[in-house]
Amino acid sequence: MIHRVYRYTVVEFESLTSTQDMAKNIRRVDTVIVAKEQKNGRGRHGRTWESPYGGLWFTVILNNTCVLMTLAAGVAVVKALERMGVRAGIKWPNDIIYGGKKLGGIIAESSGGLVYLGIGINLNNEIPDGLRDIAVSIKDENIEPGELLAHILNELDSLLTNCPNTKIKILKQWKKYQVVLGRNVCIGDNELICGVARDIDTDGALIVKVEGGDLKKFYAGDVHIIQMVD
Ligand code: BTN
């Protein structure tokens, strides 16, 4: 099914390998590819993203070059969820957290001058065995996926249109919803570096006071929250 949501053309599929792949075939700016299930959903760092039937899995094709795009996307998702009565948080850079577990994730892939912004939210879908300790799905039949998508697109536009002028707004909103600053964290993929997450830089980097005292900036990686600092 194809329909309009604000300035976007939304194309819905029952099942795809990945909305990212379909979007890269279509390559049409301001188009949103949605699938009710993905057979081969992709996460960050080359990981698999489990996308069973029912969740909200979509890719927005943009020609926007905002450096804070993925942070803005995290803000757009939590603000949209808030409008639907769900209070979620953001773990740097853009994991959507609910009740301490991962509710959603965001990936941005660039190719041919376009950005493919992929967003996955566990909404009324089953969480596969083996992921239940770390992932969560919102169980609320009153949350209509199309309505949540429309809110996300609306929030995304208000943050990304006229970027970089919206940078301050993005950072301010991100700080309002984040769940990492002031906490003991370990960050990295292979080698973990631990310290206290102090702040976010204007370029979106996470500033960590590492054990030993230095301030270190991180541009990518998974954050593991260890405990609150009093
Ligand atoms: C992450 O690792 O946290 C990012 C997950 C991104 C998943 C979404 S679901 C829609 C889009 N299609 C994909 O294959 N991945 C993204």
Side-chain angles (χ1 to χ4, degrees), residues 5 8 10-28 31-62 69-78 80-81 88-98 100-111 114-128 130-138 145-146 148-153 156 174 177-180 185 187-189 204 206 218-225:
V5 177
Y8 295 96
V10 176
V11 189
E12 288 180 358
F13 293 85
E14 276 298 303
S15 181
L16 287 175
T17 52
S18 160
T19 57
Q20 294 293 101
D21 296 339
M22 180 54 85
K24 285 176 189 172
N25 284 336
I26 290 182
R27 272 176 295 178
R28 191 187 273 253
T31 301
V32 181
I33 308 297
V34 185
K36 288 197 176 136
E37 70 169 350
Q38 297 183 116
K39 298 287 192 194
N40 194 16
R42 288 202 304 277
R44 294 192 297 131
H45 308 300
R47 285 186 289 241
T48 297
W49 180 263
E50 296 293 341
S51 322
Y53 194 86
L56 179 56
W57 325 119
F58 67 97
T59 299
V60 189
I61 308 171
L62 295 166
M69 179 179 295
T70 63
L71 297 190
V75 172
V77 170
V78 289
L81 285 167
I90 309 169
K91 181 160 74 74
W92 185 88
N94 49 32
D95 284 347
I96 308 302
I97 303 295
Y98 182 71
K101 296 183 181 178
K102 187 153 168 169
L103 174 67
I106 293 160
I107 187 171
E109 297 175 321
S110 303
S111 111
L114 297 177
V115 177
Y116 298 90
L117 185 66
I119 300 182
I121 301 171
N122 290 302
L123 175 64
N124 293 318
N125 58 282
E126 291 305 320
I127 298 294
L131 287 179
R132 295 207 179 112
D133 285 348
I134 54 167
V136 65
S137 175
I138 300 168
L148 181 58
L149 172 65
H151 285 322
I152 294 171
L153 294 175
L156 204 54
W174 188 89
Y177 292 102
Q178 62 76 31
V179 296
V180 288
V185 297
I187 182 166
D189 295 322
L206 185 68
F218 292 89
Y219 287 91
D222 284 324
V223 168
H224 308 272
I225 298 174

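For ligands, and for the atoms within them, numbers begin at 1 and follow the listed sequence. What you see is a predicted model; the values in this text were computed from it and never measured.
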S.K.: Counting neighbours of CZ on R28 that are heavy atoms of other residues, nucleotides or ligands and sit closer than 6.0 Å, is the number greater than 12?
M.R.: no
S.K.: Which option out of A108, A23, G120 puts a heavy atom nearest to atom 8 (C) of ligand 1?
M.R.: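 Of the listed residues, G120 has the closest heavy atom.
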S.K.: Indicate, as side chain, backbone, both or neither, the part of D21 found under 4.0 angstrom from ligand 1 when only non-hydrogen atoms are considered.
M.R.: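 For D21, no heavy atom sits under 4.0 Å from ligand 1.
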S.K.: Verify salt bridge (Lys or Arg N to Asp or Glu O under 4.0 Å) between D95 and R44, making sure each step is shown before the conclusion.
M.R.: CA-CA 10 Å; D95 284 347; R44 294 192 297 131; 3.8 Å; yes
S.K.: Is there a donor-acceptor contact under 3.5 Å linking the side chains of E37 and S51?
M.R.: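 Side chains of E37 and S51: no pair found under 3.5 Å.
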S.K.: Which ligand 1 atoms are under 4.0 Å away from a heavy-atom of G41?
M.R.: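 Near G41, meaning under 4.0 Å from one of its heavy atoms, ligand 1 has 14 (O).
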S.K.: Considering heavy atoms of the protein only, find what lies nearest to atom 15 (N) of ligand 1 and give residue, atom and distance to 0.1 Å.
M.R.: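 Residue, atom and distance for the closest contact: R42 O, 2.7 Å.
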S.K.: Closer than 4.0 angstrom: is that true for some heavy atom of R47 and an atom of ligand 1?
M.R.: no
S.K.: What is the nearest protein non-hydrogen atom to atom 2 (O) of ligand 1, stated with its residue, atom name and distance?
M.R.: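 Looking at atom 2 (O) of ligand 1, the protein heavy atom closest to it is R44 N, 2.7 Å.
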S.K.: Q38 and side-chain hydrogen bond (donor to acceptor under 3.5 Å, both in side chains): which single residue from T48, T19, T17 fits?
M.R.: T19
S.K.: Any atom of ligand 1 sitting under 4.0 Å from a heavy atom of K102?
M.R.: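 Within the 4.0 Å threshold, so yes.
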S.K.: Any idea which atoms of ligand 1 are less than 4.0 Å away from a heavy-atom of G43?
M.R.: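 Heavy-atom distances to G43 below 4.0 Å select 1 (C), 2 (O), 4 (C), 5 (C).
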S.K.: Passes salt bridge (Lys or Arg N to Asp or Glu O under 4.0 Å), E109 versus R42? Steps please.
M.R.: CA-CA 11 Å; E109 297 175 321; R42 288 202 304 277; 3.0 Å; yes
S.K.: What protein heavy atom sits nearest atom 9 (S) of ligand 1, and how far away is it?
M.R.: Q38 NE2, 3.4 Å
S.K.: Check N94 against ligand 1 and report side chain, backbone, both or neither, counting heavy atoms closer than 4.0 Å.
M.R.: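 Neither; no heavy atom under 4.0 Å.
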